[in-house]
Amino acid sequence: MSVLVNKIRLYWPLIKSTQTGLLLATGIAGYLSAGTPIGLSTLLGVSLTLFLAISGSTILNMWYDHDIDARMKRTHKRPAAAGQLARAEVFWVGMVVSILGVGGALLIAPLYGAVVFAGWFFDVVVYTLWLKRRTCWSIVWGGISGAMPILSGRALATGQIDLVGILLALAILFWIPTHTLTFSIKFREDYANAGVPTFPSTYGETFTRATIAVSSVLAAVAIGWASVLIGVSAGYLRLIAVLTAGLLLLAFATFRVQSERVNFGLFKYASLYMLSSMIILAMKAF
Amino acid sequence: MKMSMLDRTLLLVTGLLAAYQIVVGINDLSTAPIIAYTIAFGVLLVAGLLLIILGFDVLDSPVVVIVSTVIPLALSLGLVWEHLSAFRTPYLVFAILGFLAVVATRATPMQNKLPTVAIAVVHGIAGLTIFLLPIVIAAQGAVRPAFALVGLGGALIGLGGLLLSFLKAGRPILSRETIFRVLPGLLLLMTACFVAGFKFG
């Protein structure tokens with residue numbers, strides 16, 4: 001029993017629980033945003049399969065990147081990087097969890113499963129294995145992968161890929177650079193030591209901050225547009241408008257005041273903004 | 001000064017109350033008050049979130065003076081629009097000009113007392129409106145007595161504004177630490193008064 005508890009303790013950091021939780025929340029919000037009758041078993045199925053697919057891809061990311069994680073101060077204590085877990089074991093756990101997640105998703109509905117698989121494929125194969133060490137533009141593919149949970153949830157509820165689903169996916173796609181680019185500025189030296197190309201090391205901080213600001217604006221536009229199409233009530237639209245105004249204000253401040261504190265403030269606010277937006281979209285179901 | 005867990009909780013509840021007011025508290029009003037109240041409670045919500053995220057140091061920013069002008073101006077405009085229809089246009093003009101005056105006097109370096117005068121006039125008129133108008137119309141029976149709570153909120157917003165103004169002026173009547181310690185509770189109490197006043201008034 002204690003061996004199992006110890007394994008769980010070691011594997012928990014490998015799934016990046018906060019990030020996985022946030023992406024899972026987007027998937028559930030995508031499902032609920034359609035306003036279709038809620039099937040409890042389907043909702044549980046979506047939660048479980050998305051959790052497993054996202055966790056599986058994250059574990060495989062940790063497996064492949066153990067060498068660069070070991071060279072970065074921020075990540076060198078991760079169990080895979082610190083050698084607390086055998087590489088082969090991490091790989092197989094990642095594969096089994098991924099297969100359970102994607103396989104389960106395919107069993108629930110082929111279209112839903114296909115979108116979940118696309119997210120896994122973009123994250124593991126395109127982003128992690130192929131592009132992350134080659135170009136700073138790899139984050140676009142990481143972003144597309146992160147946009148798949150919300151698209152999959154929406155596709156499951158509506159049975160198709162509709163405009164709202166695409167807008168919600170775009171919102172996540174444009175929101176993700178706020179995260180990744182903020183990290184790449186804050187831990188610039190770390191990434192340089194590990195030899196990972198980033199926007200700040202390739203194009204400089206000013207361009208990176210401008211990219212963060214522009215992507216925040218685009219994320220806000222996509223969320224706003226999707227909210228109107230979904231038919232969110234006037235009260236909640238007002239709330240989204242207010243939260244969006246805060247996001248735009250911070251994005252503008254990040255560009256004007258080149259301060260790490262403001263930059264990290266935007267990073268935190270953007271997470272809160274996205275979580276709030278997801279809750280508001282999910283309210284459509286109730 | 002580091003923000004405690006209690007401070008964060010108080011600010012979060014303040015933000016949730018402001019969000020509630022934006023979503024359901026002003027639904028039955030006409031367009032202009034809805035916009036005015038959305039701006040007022042929206043600034044309160046975003047300011048609360050930024051305080052939680054960035055800490056009390058954010059109050060040192062020069063933008064705070066401008067932002068803290070928006071709340072009383074927008075609230076008082078909403079109240080005047082709803083309850084003093086004869087003064088709608090003059091007050092709208094005052095709100096716009098007052099805001100522009102505060103922005104202009106803060107954005108331009110000035111040695112004279114014009115920035116202080118602009119702040120005092122704008123905050124004074126807006127603050128008195130929020131304080132007195134709900135109490136007077138509640139006393140006249142035009143609205144339910146609970147609406148007077150909005151006036152109490154107006155008194156609290158005035159107190160908060162006073163504390164922040166003295167802090168910005170570098171001559172705090174209370175120490176910086178004391179002001180920061182009471183501010184989250186004051187903001188929550190003020191917002192609760194507004195929300196309860198609108199709900200039950």
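Below, read A as the first sequence line, B as the second, and so on, with proteins coming before strands; counting in each chain starts at 1. Values below: all heavy atoms of this structure, side chains included; hydrogens, waters and symmetry mates excluded.
Residue-environment remark: CZ (B:Phe87) stays at or below the threshold of 12 foreign heavy atoms within 6.0 Å. Heavy-atom neighbours of A:Tyr236 OH from other residues, nucleotides or ligands within 6.0 Å: at or below the threshold of 12.
When side chains are defined from C-beta on, A:Arg261 counts as touching B:Val58, because their heavy atoms get closer than 4.5 Å.
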Test side chain to side chain contact (heavy atoms under 4.5 Å, CB included) on B:Val23 and A:Ile280 and set out the steps. CA-CA 11 Å; B:Val23 174; A:Ile280 291 170; over 6 Å; no
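Applying the side chain to side chain contact (heavy atoms under 4.5 Å, CB included) test between B:Val46 and each of A:Val242, A:Leu247, A:Thr244 identifies A:Val242 as the sole match.
Of the two parts of B:Leu54, the backbone and the side chain both hold a non-hydrogen atom closer than 4.5 Å to a non-hydrogen atom of chain A. Only the side chain of A:Leu272 comes within less than 4.5 Å of a heavy atom in chain B; its backbone stays farther off. Residue A:Leu237 does not touch chain B at all, counting heavy-atom pairs closer than 4.5 Å. The part of B:Leu50 that comes within reach of chain A is its side chain, from C-beta onward, which places non-hydrogen atoms under 4.5 angstrom from that chain.
Ranked by heavy-atom pairs under 4.5 Å with chain A, the first of B:Thr38, B:Leu45, B:Ile52 is B:Thr38.
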